[in-house]
Amino acid sequence: MIFLIPVVVLVAAIGYWASRRSTSRSIGDPGVEANARLTGYAAVVLLLPLAAEVITGARPGLQAHALLGVFLVPPVLLKLGSVGYRFARYYSRDPRYRAGGPPDLAMRLLGPVLVLLTVTLFATGIELWLFGFAFGNEWLIWHKASFVLWFLAMTVHVAAYARRAPALALADSRDRMNGAFERRSLVVGSLLFGVALVVAMLPFPSPFTLLPDVG
């Protein structure tokens with residue numbers, strides 16, 4: 001794993017470079033700003049659970065890793081939904097979203113890849129939790145491969161938005177723009193839904209966690 005350190009440093013530097021080159025202009029429309037703030041909220045609350053998910057990915061934390069993955073599903077879907085909405089409005093040429101300008105080209109290219117890797121990572125993880133190796137061990141190979149690629153892509157993404165996301169999350173505390181309660185409620189609700197999913201999964205032990213040598 002030591003050989004991955006320079007790779008991680010390199011991709012983090014790429015993300016930082018992308019953040020420095022961002023050409024996004026100030027947001028004037030309240031709807032566009034509200035969407036950006038919701039995305040910022042979701043990004044900030046996901047940071048620590050995702051870090052814990054990475055750490056528990058190595059044995060002996062397999063069950064904790066799986067349960068954290070279940071917990072993360074609702075807030076991850078909220079983040080994807082918020083970003084996907086902006087993506088759809090921007091590329092459908094909504095003038096309000098076009099006025100804010102696009103992300104840096106590197107981040108526009110990375111975005112769809114990161115979404116695909118995120119969906120693959122969570123889908124293969126859920127399949128392993130529910131069915132183990134009932135449909136072959138290829139699911140574990142895909143899960144591990146998608147994790148490595150996802151981790152590198154996410155490192156670039158986090159480095160690129162490390163300054164912007166917290167600023168967006170804190171913006172409602174400064175100016176109390178309309179909809180602040182609703183935005184916070186969506187994020188808190190997604191976390192509570194994640195907790196409910198974990199509780200619902202506890203009575204059903206995964207066949208994957210009972211298999212030897214799967215970590």
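Just so it is clear, the model here is predicted, and its values are computed rather than measured. For the single chain, residues carry numbers from 1 onward in sequence order.
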*Angle class for the His157/Tyr161 ring planes (parallel below 30°, perpendicular above 60°, tilted otherwise)?*
tilted
*In terms of the angle between their ring planes, are Tyr91 and Phe87 parallel, tilted or perpendicular, with boundaries placed at 30° and 60°?*
tilted
*Given the rule in the side chain to side chain contact (heavy atoms under 4.5 Å, CB included) test, do Leu38 and Val187 qualify, once you have shown the distances and angles that lead to the verdict?*
CA-CA 8 Å; Leu38 177 59; Val187 175; 4.0 Å; yes
Under a 4.5 Å side-chain heavy-atom rule over Ile, Leu, Val, Met, Phe, Trp and Tyr, are [X] and [Y] clustered together?
X: Leu68; Y: Leu192; value: no
X: Trp129; Y: Leu202; value: yes
X: Val195; Y: Val188; value: no
X: Val83; Y: Leu80; value: no
X: Leu170; Y: Val45; value: no

In Å and rounded to the nearest 0.5 Å, what is the [atom1] to [atom2] distance from [X] to [Y]?
X: Leu152; Y: Phe147; atom1: CG; atom2: CZ; answer: 9.0 Å
X: Arg37; Y: Met177; atom1: CZ; atom2: CE; answer: 4.5 Å
X: Leu77; Y: Phe193; atom1: CG; atom2: CZ; answer: 9.0 Å
X: Trp139; Y: Leu130; atom1: CH2; atom2: CG; answer: 10.5 Å
X: Leu191; Y: Leu186; atom1: CG; atom2: CG; answer: 11.0 Å
X: Glu53; Y: Leu46; atom1: CD; atom2: CG; answer: 11.0 Å

Do the non-hydrogen side-chain atoms of [X] and [Y] ever get within less than 4.5 Å of each other?
X: Leu149; Y: Thr120; answer: no
X: Tyr41; Y: Leu78; answer: no
X: Glu33; Y: Leu168; answer: yes

_Tyr97 vs Asn35, side chain to side chain donor-acceptor pair (under 3.5 Å): CA-CA, chis, key distance, verdict_ = CA-CA 10 Å; Tyr97 283 81; Asn35 173 262; 4.7 Å; no
*Could you walk me through whether Glu138 and Thr124 pass side chain to side chain contact (heavy atoms under 4.5 Å, CB included), step by step?*
CA-CA 10 Å; Glu138 292 85 359; Thr124 53; over 6 Å; no
Considering all heavy atoms of both residues, which atom of [X] and which atom of [Y] are nearest to each other, and what is their separation?
X: Ala180; Y: Asp172; result: CB-CG, 3.6 Å
X: Pro74; Y: Ser190; result: CB-O, 3.3 Å
X: Leu114; Y: Ala153; result: CD1-CB, 3.8 Å
X: Pro49; Y: Leu72; result: CB-CD2, 3.4 Å
X: Ser173; Y: Arg184; result: OG-NH2, 3.5 Å

*asked:* Out of the candidates Arg96, Arg89, Arg86, Arg98, only one should pair with Asp29 under the salt bridge (charged side-chain N to carboxylate O under 4.0 Å, His left out) rule; please name it.
replied: Arg96
*asked:* Show, in sequence, the C-alpha distance, side-chain angles and deciding distance for Trp150 and Val54, and conclude whether the side chain to side chain contact (heavy atoms under 4.5 Å, CB included) test is met.
replied: CA-CA 11 Å; Trp150 172 88; Val54 171; 4.0 Å; yes
_From CA spacing to verdict: side chain to side chain contact (heavy atoms under 4.5 Å, CB included), Glu127, His143_ = CA-CA 10 Å; Glu127 194 280 340; His143 186 67; over 6 Å; no
*Just wondering, more than 12 heavy atoms not from Asn178 lying within 6.0 Å of its CG?*
no
